[in-house]
There are 2 protein chains.
Amino acid sequence: MSDEKGTSHTMHALTELRQRILSGELRGGERLLEVPLAKMLDISRTPVREAMSRLAEEGLLERARSGFVVRAFGEEDVVDAIELRGVLEGTAARLAAERGVDAKLLAAFANIVDGLDKCLGDMPSDIDFDGYSRLNAEFHAALAKLAGSKIIERELERVSKLPFASPSAFLPDKVDIANSRSSLTVAQAQHREILVAITNREGARAEALAREHARTARRDLEQALEKKRSTIGQVVNMALFAN
Amino acid sequence: MSDEKGTSHTMHALTELRQRILSGELRGGERLLEVPLAKMLDISRTPVREAMSRLAEEGLLERARSGFVVRAFGEEDVVDAIELRGVLEGTAARLAAERGVDAKLLAAFANIVDGLDKCLGDMPSDIDFDGYSRLNAEFHAALAKLAGSKIIERELERVSKLPFASPSAFLPDKVDIANSRSSLTVAQAQHREILVAITNREGARAEALAREHARTARRDLEQALEKKRSTIGQVVNMALFAN
DNA sequence: GATTGTGTAAATGTATACATCAGAACCAAC
DNA sequence: GTTGGTTCTGATGTATACATTTACACAATC
């Protein structure tokens, strides 16, 4: 039936549906009916239900009176999701500073920051975008773990899965090199100062820095929206498969 | 089969399982098998799966490699959940202050605070515990809505459902009147100042107050644990059906 | 003409048979 | 004794038939 090896029908449906939601093919507010979806994916209703249930856990679907609808994200929701990520990363940073971090974990964190430095060579043309993007994701994942709190880590992961709230959702475009370089340099300075603040046990500073760092994403969002607005009228659902 | 009217088998299973988890009858880390549960509840596997799926959404179960296990909450998790609630309520308060609140909504919020005052009469014996408890829950629900952000409200609701993280989980005992009175008085003073700060658009103050307010719950938790420790060795799972 | 009732169709809810997969136990060969 | 495979068991995964609920349309009645 499915030509993917090793993946169950549920996983197939999960992947497929998530992609269609994030790409905007299934639009916010739209009700998802089991039978048509099952037919579309050429499987039975059971794995479709299972997949929808998991997507509800991820926050991409909402349970309606009965059945599911695609969760609608407006511009203000994206802004709030980014704000919330900033708040949670700030809390992770603060708790890490206040409670102290295991030396090995902190060293690994410092390594990531060093690695990010190396991605920004001296020459603008040197920028290693892929390396930066990968290490940036690692930085945020490590920060989430730094407080040593399962609860914080889990909620942070949840929020980062919301469309456009991911730390890598709005990494600057490779095309606009000049602009990219300066924003990445600023962001990287923040990465380092977050590390310093946590190392020095400066909780309030670490929190404030992490929040401010998330604002970068908000600025980039607004910039992207401005660009899009000048071309199309449509706002959200610029196809995004991030994270 | 089920003698509840109007509730589906799924809802019955959901209620039943949630209760057994919160009461500690199903212990953290325990794997839940579909067949025995279905037999126990005298229904088929399908609604059991559905109920478990919803409990996973609530955060009471975790998906394992296959199937579900009861999520284990240690003492430190409860502390973190309360901390997180404080952070989120602080964010709701700050955003409400920064962005401004619709006049009607703010008036309703103020009404709740006034109502809470009335529950604490002049005489210690006057304390209306039930009224206070109800209005306290309303206060926190209203606060969550005050920022006008669906995202914040939703995440706050999620966190408050975690065991012991609810605002009403540790309301002081009616038995110890003298002690109760002073802690409720302090808590109510915080309620009022949160209202004042939001009204005056003092974002930072509103946030700090809401965080501090949540610390009350943490103190009460630690006190409760201290008491329990002196009697039993067991820590978490003092049967709680709150929220 | 509005409202209420009823029928019908289409959706989800449920049970269950069967498929598949993973882990444990066991046996054999080395 | 250990290691390797093999089988068996018990779990979830899947399809599907059937039950139940609901929403809508259309008609009858006030």
Side-chain angles (χ1 to χ4, degrees), chain A residues 1-21 25-72 154, chain B residues 1-21 25-72 154:
Chain A
M1 204 137 294
S2 121
D3 45 13
E4 306 178 7
K5 279 196 309 187
T7 63
S8 62
H9 288 176
T10 297
M11 288 308 175
H12 177 221
L14 183 61
T15 309
E16 200 68 23
L17 289 179
R18 181 165 38 216
Q19 197 238 322
R20 290 180 198 215
I21 292 166
E25 186 181 332
L26 297 171
R27 274 185 291 184
E30 185 174 341
R31 185 171 174 195
L32 293 186
L33 301 181
E34 295 175 7
V35 178
L37 286 179
K39 208 171 286 181
M40 180 204 293
L41 298 170
D42 199 24
I43 56 182
S44 81
R45 281 170 53 210
T46 311
V48 172
R49 277 171 87 97
E50 177 69 20
M52 290 200 295
S53 171
R54 292 185 189 224
L55 286 170
E57 273 178 61
E58 287 183 22
L60 259 41
L61 297 183
E62 278 176 334
R63 284 184 193 275
R65 231 184 354 77
S66 97
F68 297 85
V69 299
V70 179
R71 189 163 166 201
R154 185 185 164 116
Chain B
M1 207 137 290
S2 119
D3 45 12
E4 306 179 6
K5 278 195 311 185
T7 63
S8 62
H9 288 176
T10 297
M11 288 307 174
H12 177 223
L14 183 59
T15 309
E16 201 68 24
L17 289 179
R18 181 167 37 219
Q19 197 239 321
R20 291 182 197 212
I21 291 167
E25 185 181 334
L26 296 171
R27 273 185 291 185
E30 184 173 343
R31 184 171 175 195
L32 293 186
L33 300 180
E34 295 175 7
V35 179
L37 287 180
K39 207 171 287 182
M40 180 203 293
L41 299 171
D42 199 25
I43 56 181
S44 80
R45 281 171 53 210
T46 312
V48 172
R49 278 171 86 95
E50 177 69 19
M52 291 199 295
S53 175
R54 291 182 191 228
L55 287 170
E57 277 176 54
E58 287 183 22
L60 259 42
L61 298 182
E62 278 176 334
R63 284 184 194 274
R65 228 185 2 74
S66 98
F68 297 85
V69 301
V70 179
R71 190 164 165 199
R154 186 186 163 114

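Chain A is the first sequence line, chain B the second, and so forth, proteins listed ahead of strands; every chain is numbered from 1. Atoms considered below: every heavy atom in the structure, side chains included; atoms not considered: hydrogens, waters and symmetry mates.
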How many whole angstroms separate atom [atom1] of [X] from atom [atom2] of [N]?
| X | N | atom1 | atom2 | answer |
| --- | --- | --- | --- | --- |
| Met11(A) | dC21(C) | CE | P | 14 Å |
| His12(B) | dT20(D) | NE2 | C1' | 19 Å |
| Lys39(B) | dG10(D) | NZ | P | 11 Å |

What heavy-atom pair brings [X] and [Y] nearest, and what distance separates the two atoms?
| X | Y | value |
| --- | --- | --- |
| Arg45(B) | Val35(B) | CD-CG2, 4.1 Å |
| Ala56(A) | Arg154(B) | O-NH2, 4.2 Å |
| Ala13(B) | Leu41(B) | CB-CD1, 3.9 Å |

With sequence neighbours left out, the residues meeting salt bridge (Lys or Arg N to Asp or Glu O under 4.0 Å) with Arg71(B) are none

State which residues pass salt bridge (Lys or Arg N to Asp or Glu O under 4.0 Å) with Glu57(A); sequence neighbours excluded, sorted by chain then number.
Arg63(B)

Within less than 4.0 Å of OP1 or OP2 of dA15(C), is there a side-chain N or O belonging to Ser44(B)?
yes

With five pairs defining each end axis, the helix from dG1(C)-dC30(D) to dC30(C)-dG1(D) comes out bent, to 10°, by 10°

Check side chain to side chain donor-acceptor pair (under 3.5 Å) between Arg54(B) and all other residues, then give those that pass, not counting sequence neighbours.
Glu50(B)

For Glu58(A), what residues pass the side chain to side chain contact (heavy atoms under 4.5 Å, CB included) criterion, not counting sequence neighbours?
Leu14(A), Arg18(A), Leu55(A), Leu60(A)

Close side-chain approach of Val48(B) and Leu32(B), heavy atoms under 4.5 Å:
no

Return the polar atom pairs (N/O with N/O) between nucleotides 9-13 of chain C and the protein under 3.5 Å, or none.
from	atom 1	to	atom 2	distance (Å)
dT12(C)	OP2	Glu34(A)	N	3.3
dG13(C)	OP2	Arg49(A)	NH1	3.3
dG13(C)	OP2	Arg49(A)	NH2	3.0
dG13(C)	N7	Arg45(A)	NH2	3.0
dG13(C)	O6	Arg45(A)	NH1	3.0

